[in-house]
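Here's the structure, in structure tokens; my notes come after.
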Amino acid sequence: MKSPFTAKVIEIIAAIPAGKVTTYGIIAAHANNKRGARQVAMILHSSSAKHDLPWHRVVNRNGQISLKRGHGYERQMKMLVAEGILFDEGQRIDFSKYLWWPR
DNA sequence: CAACTGACGATAG
DNA sequence: CCTATCGCCAGTT
């Protein structure tokens, strides 16, 4: 079996409601690995498809998409906008409106 | 098995 | 505002 951390991360991500977003750090913290944000990203990268996870609802702590242009950035933004999430001029998401906290 | 990589984050300057 | 550096450790090679 994969680590408890991995299982927890997948569980949390699968629970993110449409129209909301959360961050790598928050997920990591709830999976008992406060400083494991990078692993959350890695898990998403390798397991989002097989676990049918809403990977696009996870952004970094600035409310911005971490992907690079031409490597998923536009695709992710498009999916978020399609769910009603708006970006400001700096292409950042307003956490006061869209942040989802697992619990 | 060892080394390397990296959708991140906090901190320091 | 910015860059640099360290910590964390699952995947990949």
Side-chain angles (χ1 to χ4, degrees):
Chain A
M1 138 130 195
K2 306 192 175 183
S3 68
F5 174 68
T6 299
K8 192 70 181 175
V9 167
I10 290 174
E11 182 185 345
I12 293 171
I13 295 170
I16 304 173
K20 292 285 181 177
V21 298
T22 193
T23 74
Y24 300 98
I26 290 172
I27 293 169
H30 278 255
N32 293 310
N33 194 341
K34 194 177 179 182
R35 303 222 157 187
R38 304 183 76 159
Q39 284 57 258
V40 173
M42 191 102 26
I43 292 165
L44 240 60
H45 204 60
S46 73
S47 311
S48 60
K50 65 175 68 166
H51 289 276
D52 198 36
L53 301 176
W55 61 272
H56 55 282
R57 295 181 193 140
V58 183
V59 296
N60 64 27
R61 71 112 203 149
N62 290 310
Q64 298 180 295
I65 293 171
S66 294
L67 298 172
K68 293 173 184 168
R69 290 227 172 235
H71 286 277
Y73 189 102
E74 296 186 345
R75 178 172 47 211
Q76 181 170 8
M77 183 179 288
K78 202 170 177 181
M79 294 176 85
L80 292 175
V81 171
E83 295 188 345
I85 295 172
L86 303 179
F87 289 76
D88 67 15
E89 296 171 7
Q91 306 199 299
R92 293 191 296 115
I93 292 171
D94 182 349
F95 277 162
S96 68
K97 294 178 182 172
Y98 308 111
L99 181 64
W100 174 77
W101 197 275
R103 173 70 186 114

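Naming convention: chains lettered A, B, ... in sequence-line order (proteins, then strands); numbering from 1 in each chain. Just so we're clear, the structure is a prediction, and the values are computed from it rather than from any experiment.
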**Item:** Distance-only donor-acceptor test (3.5 Å): side chain A/Gln39, base C/dG11
**Value:** no
**Message:** Any salt bridge linking A/Lys20 with A/Glu83? Criterion: basic side-chain nitrogen under 4.0 Å from a carboxylate oxygen.
**Reply:** no
I'd like a table of atom pairs between the protein and nucleotides 7-10 of chain B - only N or O on both sides, under 3.5 Å - with the distance next to each one.
{"unit_1": "B/dC8", "atom_1": "OP1", "unit_2": "A/Ser66", "atom_2": "OG", "d": "2.6"}
{"unit_1": "B/dC8", "atom_1": "N4", "unit_2": "A/Arg38", "atom_2": "NH1", "d": "2.7"}
{"unit_1": "B/dG9", "atom_1": "OP1", "unit_2": "A/Arg61", "atom_2": "N", "d": "2.9"}
{"unit_1": "B/dG9", "atom_1": "OP2", "unit_2": "A/Arg61", "atom_2": "N", "d": "2.9"}

**Asked** Hey, quick one: are A/Ile85 and A/Ile13 part of the same hydrophobic cluster, counting side-chain heavy atoms closer than 4.5 Å, chains of contacts allowed?
**Response** yes
**Item:** Integer-rounded Å distance: C/dC9 P and A/Asn32 CG
**Value:** 12 Å
**Request:** Say whether, by atom type as modelled, one donor and one acceptor occur between the side chain of A/Asn60 and the main chain of A/Asn62 under 3.5 angstrom.
**Result:** yes
**Asked** For the residue pair A/His45 and A/Trp55, is the inter-centroid distance of their aromatic rings smaller than 6.0 Å?
**Response** no
**Side chain proximity check, A/Phe87 to A/Asp94, heavy atoms < 4.5 angstrom** = no
